[in-house]
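Below is one structure, written out as C-alpha cells, with a few remarks after it.
The residues of the chain are indexed from 1 along the displayed sequence.
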Amino acid sequence: MVFRFRKIFSGGPVSKNRVIFATISYFGISMFTVFSSFQVGVSIWYVFAYAGVLVGATYLSHRLVKDSIKVWRSDDGKIHAKGGNIPYVIWIVGLVSRFALGYVFIGPDYLMTAYGSQKTLSTLAIEVTLIVDLIMMLGVGTLAGRNINLISKIKHFTTEQKL
C-alpha cells in the first residue's frame, strides 16, 4: 500500500487490469474488516447504511475527482497517471482506525477472535465501530469512484492516441 500511495503522488505506470485488481483488493480488504463488526454486535440492518454510503461515495467521487487525475504517455510508451490522492487518505484512515478500534475493544487477538467466537461489545463500542465502518465504506467508495474515473481516462487516452 505504501508503494502504491507513493506512485499516486509522483505518478506511475497504470493499466486497466491493474486498476481493476487494485479496486477489487481494496474492496475485499474493507469487506473482510467490516464483516467482523457483525460478529461483535452491530446489527445486520446496517448493511443498508454501509451500501448507501458506498454507492453514494462512489458516485460523488466519480463526479468530483475528474480534474485531479492526470494521465500521460511516457517516453517508453507506457501510460502513467497521478492524482486523486484524497480517496486513498480516507481509506487508509478508515482502515487504520478500524484495526486500532478492534485492538482496543476486542484485544490483541482481534483478527483471530473476531471470526472464531462471538463477543458482544458495549453500546458505545458498537456506535464507535459503526462510525469507523462508515468512514471505511466512504473510503472504499471514493477509491472505487476514483478508479472508475481513471479507467475511463485510460480508455479515452488510448483511443485518442489511435486516431
Side-chain angles (χ1 to χ4, degrees), residues 1-38 42 46-104 108 110-112 114-115 128-163:
M1 275 188 268
V2 173
F3 297 116
R4 181 83 183 132
F5 201 63
R6 195 180 81 202
K7 281 184 181 180
I8 293 165
F9 278 120
S10 61
V14 294
S15 70
K16 180 180 170 185
N17 292 338
R18 289 173 82 186
V19 172
I20 291 171
F21 179 74
T23 304
I24 291 171
S25 299
Y26 297 137
F27 186 77
I29 291 168
S30 298
M31 292 304 111
F32 176 76
T33 307
V34 168
F35 177 73
S36 68
S37 300
F38 302 118
V42 173
Y46 283 108
V47 165
F48 298 112
Y50 292 165
V53 169
L54 180 70
V55 170
T58 301
Y59 176 75
L60 287 175
S61 177
H62 177 65
R63 303 271 300 167
L64 299 175
V65 175
K66 288 183 180 179
D67 296 331
S68 68
I69 299 175
K70 306 296 180 217
V71 178
W72 72 94
R73 187 177 299 278
S74 66
D75 295 335
D76 61 358
K78 292 182 179 178
I79 298 174
H80 288 249
K82 75 176 186 177
N85 306 328
I86 300 300
Y88 280 95
V89 172
I90 295 170
W91 185 74
I92 292 287
V93 165
L95 186 65
V96 169
S97 300
R98 186 64 182 88
F99 284 136
L101 182 73
Y103 185 81
V104 167
Y110 158 62
L111 288 177
M112 292 179 212
Y115 294 99
V128 171
T129 301
L130 179 65
I131 291 169
V132 171
D133 286 349
L134 287 172
I135 291 171
M136 195 137 112
M137 289 295 98
L138 178 73
V140 77
T142 56
L143 271 175
R146 178 219 183 255
N147 288 345
I148 289 169
N149 201 333
L150 179 59
I151 289 170
S152 174
K153 284 188 175 219
I154 291 170
K155 191 183 296 184
H156 180 72
F157 189 78
T158 55
T159 57
E160 191 177 274
Q161 295 294 321
K162 290 180 182 177
L163 295 178

**OP:** Could you walk me through whether Y88 and T142 pass side chain to side chain contact (heavy atoms under 4.5 Å, CB included), step by step?
**Re:** CA-CA 8 Å; Y88 280 95; T142 56; over 6 Å; no
Subject >> Derivation and outcome, side chain to side chain contact (heavy atoms under 4.5 Å, CB included), residues M136 and M31 >> reply: CA-CA 9 Å; M136 195 137 112; M31 292 304 111; over 6 Å; no
**OP:** Decide ring-ring contact (aromatic ring centres under 6.0 Å, His included) for Y26 and F21; before the verdict, give the C-alpha distance in whole Å, the side-chain angles of both, and the deciding distance to 0.1 Å.
**Re:** CA-CA 9 Å; Y26 297 137; F21 179 74; 9.4 Å; no
Subject >> Test log, rule side chain to side chain contact (heavy atoms under 4.5 Å, CB included), inputs L150 and V71 >> reply: CA-CA 8 Å; L150 179 59; V71 178; 4.1 Å; yes
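Atom CG in L101 sits 11.5 Å away from atom OG1 in T33 (nearest 0.5 Å). For the atom pair I24 CD1 and I29 CD1, the distance stands at 12.0 Å (nearest 0.5 Å). Annotation: the span from R146 atom CZ to I151 atom CD1 amounts to 10.0 Å, rounded to 0.5 Å. Expressed to the nearest 0.5 Å, how far CD1 of I79 lies from OG of S74 amounts to 9.5 Å. Taken to the nearest 0.5 Å, the CD1 atom of I154 stands 10.5 Å off from the CG atom of N149. Here CG of L54 is found 8.5 Å from OG of S30. Values are rounded to the nearest 0.5 Å.
A distance-only check finds no donor-acceptor pair linking the side chain of S152 to the backbone of I148 [under 3.5 Å]. Between the side chain of K153 and the backbone N or O of I69 there is at least one donor-acceptor pair closer than 3.5 Å. At distances below 3.5 Å, not a single donor-acceptor pair connects side-chain atoms of K78 with backbone N or O atoms of D75.
Counting heavy atoms from C-beta on, the side chains of L143 and T23 never come closer than 4.5 Å. V14 places none of its side-chain heavy atoms less than 4.5 Å from the side chain of R18.
Here F32 and F27 keep their ring centres 6.0 angstrom or further from each other.
Few gaps surround CG on D76; more than 12 heavy atoms of other groups in view lie less than 6.0 Å from it.
With 3.5 Å as the limit, one finds a donor-acceptor pair spanning the side chains of S37 and R98.
Residue pairs meeting the side-chain hydrogen bond (donor to acceptor under 3.5 Å, both in side chains) criterion with at least one partner in residues 46-61, sequence neighbours excluded, are Y50-D133.
Closest approach of I90 to I135, counting heavy atoms only: CG2-O, 4.0 Å.
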